[in-house]
Amino acid sequence: MSEDPEFTIKKGNYTLNSYIARCAQLAMCLEVSSSPKPGNVDRHDDYEDTRYEHFLASAISMYPVIEEATNGSDSVGKLIKNAVIESVNWQKGGNTHFGAIILLIPLSMAAGKILKEKDTFSLSEITECANRIVKNTDTSDAIDFYSCFEAAGVKVNPVEEFSLQNEKAINELNEKKVSLYDLMEIAKDYDLIANEWTSGFMRCTACAETIISGMDNRLLPGYLDADINDLIVFTFLKILSENEDTFITTKFDSETALSVSSHAKFLIQKIYNNESKFIDIEPLIEEMDRELLERKINPGSTADIVIAGIFIALLAGVRY
């Protein structure tokens, strides 16, 4: 999408807060339901400790927190913390949506702020407002964020400054008046979700543009046929092909993550080069999926970004 068009929301007879929260819920449900999505849990594939149903429970559980976020009456850090608490209270599969929560909270706050004043918006309005929101976070947000990690069971890269394994970290955050945005700045070079905060949610926007264009039959006409499942899988592969998934890097190493991205790029190029229709390369996607599942390599950061992209696209009125 070369332009920045205006979209009109389709909230029906319900409140704006409800509309935004349902867009977030549906985004999480659509992402986890799409298949085959190489390496990740979906409606056909589970991991031993984390199942498809865990993701559904987590998505449904967060409704009141997302609805609260649209009011803009609470802080980013507290809302992230509350969403994580709801997620883990309603399922026993561990970290299902931590990265997605970090993206959805400021985006939902931005949507609430903009759409309370008018019924139309552009993608750039949402992401620019979200960017202003995250830049205005403070030390209390950072402390609330730190308290989420143990509850969510999140794996993190070791860093000297403000290490999550260091009990003095919270005291240091207070002493140095470090905001949550400052923490994301520190992590942006090795964490894709942190990088979204500091880069203005550019990948989330790219995902939304791909989905909106695809549903309008303006993306590779005849290859996706506007099927929502295939379009989400395509978007997932596209983002994965363009970025090192830092969830894989943290769990394994950079070489593994880059190899997965290279594999995704190979599949995407087969479509772009008109070598195959999407349906024709599904066996190759399924083969990649089996390989990653066997090795327990799951591109979790990519999935989180795709969720945020679906959310924005749903806000813009995408229906299927």
Side-chain angles (χ1 to χ4, degrees), residues 18 20-69 79-105 108 148-155 193 207 211 227-237 239-240 245 247-248 250-251 282 285-286 288-311 313-314 318-320:
S18 172
I20 295 170
R22 282 179 291 157
C23 286
Q25 279 187 310
L26 183 55
M28 289 183 274
C29 291
L30 284 174
E31 187 282 326
V32 74
S33 297
S34 297
S35 178
K37 205 166 60 268
N40 283 345
V41 171
D42 59 33
R43 66 180 185 270
H44 297 304
D45 297 301
D46 297 316
Y47 278 108
E48 183 177 349
D49 298 324
T50 309
R51 297 170 51 90
Y52 174 64
E53 293 84 356
H54 293 140
F55 282 84
L56 293 181
S58 174
I60 300 304
S61 74
M62 280 185 266
Y63 179 91
V65 183
I66 301 295
E67 192 173 36
E68 184 181 1
L79 288 164
I80 291 173
K81 179 180 178 180
N82 289 346
V84 169
I85 290 170
E86 289 301 319
S87 173
V88 298
N89 279 347
W90 282 82
Q91 47 85 26
K92 297 180 180 179
N95 172 24
T96 53
H97 287 115
F98 186 60
I101 290 168
I102 296 169
L103 299 174
L104 287 173
I105 290 298
S108 297
C148 295
F149 280 81
E150 185 175 354
V154 178
K155 293 181 181 294
I193 306 305
C207 283
I211 293 165
D227 179 274
I228 189 64
N229 179 86
D230 294 349
L231 187 52
I232 291 172
V233 171
F234 173 83
T235 304
F236 175 86
L237 287 170
I239 294 298
L240 181 58
D245 189 290
F247 187 86
I248 298 176
T250 300
K251 190 176 178 181
E282 279 195 78
I285 300 173
E286 290 168 354
M288 180 182 180
D289 187 28
R290 286 192 297 272
E291 177 189 332
L292 296 190
L293 287 169
E294 287 174 5
R295 297 170 63 190
K296 297 184 178 180
I297 299 173
N298 50 317
S301 296
T302 304
D304 293 328
I305 290 169
V306 170
I307 287 171
I310 298 170
F311 168 68
L314 291 170
V318 162
R319 300 294 182 265
Y320 55 92

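Excluded from the calculations below are hydrogen atoms, water molecules and symmetry mates; all remaining heavy atoms, backbone and side chain alike, are included. Because the structure is predicted, anything quoted here is derived from the model rather than measured.
The backbone N or O of N40 sits nowhere less than 3.5 Å from a side-chain atom of D45 that would complete a donor-acceptor pair. The backbone N or O of G39 sits less than 3.5 Å from a side-chain atom of D289, completing a donor-acceptor pair. Using a distance-only test at 3.5 Å, with no hydrogens or angles considered, a donor-acceptor pair links the side chain of D245 to the main chain of T302. Of the possible polar contacts, none joining the S87 side chain to the A83 backbone as a donor-acceptor pair under 3.5 Å is found. Between the side chain of S301 and the backbone N or O of F247, at least one donor-acceptor pair lies under 3.5 Å.
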**OP:** Dump the intermediate steps for side-chain contact (heavy atoms from CB on, under 4.5 Å) on D304 and I101, then the final yes or no.
**Re:** CA-CA 8 Å; D304 293 328; I101 290 168; over 6 Å; no

Inset, instruction - In sequence, state the C-alpha distance, the side-chain angles, and the governing distance for D227 and Y320, and then conclude on side-chain contact (heavy atoms from CB on, under 4.5 Å). - result: CA-CA 8 Å; D227 179 274; Y320 55 92; over 6 Å; no

Can you check side-chain contact (heavy atoms from CB on, under 4.5 Å) on I239 and C207, steps first, answer last? CA-CA 7 Å; I239 294 298; C207 283; 3.3 Å; yes

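Annotation: side chain of K81 is in contact with side chain of I85 (closest heavy-atom distance under 4.5 Å). Side-chain contact between N298 and Y47 is present, with at least one heavy-atom pair separated by less than 4.5 Å. Side chains of P38 and I285 form a contact here, defined as non-hydrogen atoms less than 4.5 Å apart. Taking the side chain as every heavy atom from C-beta outward, L314 and R319 approach each other to under 4.5 Å. Proximity of P299 to F236: side-chain heavy atoms (C-beta onward) are separated by under 4.5 Å at one or more points. Here the side chains of I105 and V65 are in contact, with some heavy-atom distance below 4.5 Å. For the pair L56 and C29, the minimum side-chain heavy-atom distance is below 4.5 Å. Side-chain atoms of Q91 and R51, non-hydrogen and from C-beta on, never get closer than 4.5 Å to each other.
Between the side chains of H97 and S58, a donor-acceptor pair is found at a separation under 3.5 Å.
Interatomic distance, M28 CE to I310 CD1, rounded to the nearest 0.5 Å: 10.5 Å. Between atom CD of residue Q25 and atom CD1 of residue I66 there is a gap of 8.5 Å, rounded to the nearest 0.5 Å. Remark: I228 CD1 to T235 OG1 distance equals 8.0 Å, nearest 0.5 Å. Between atom CG of residue L293 and atom NZ of residue K37 there is a gap of 10.0 Å, rounded to the nearest 0.5 Å.
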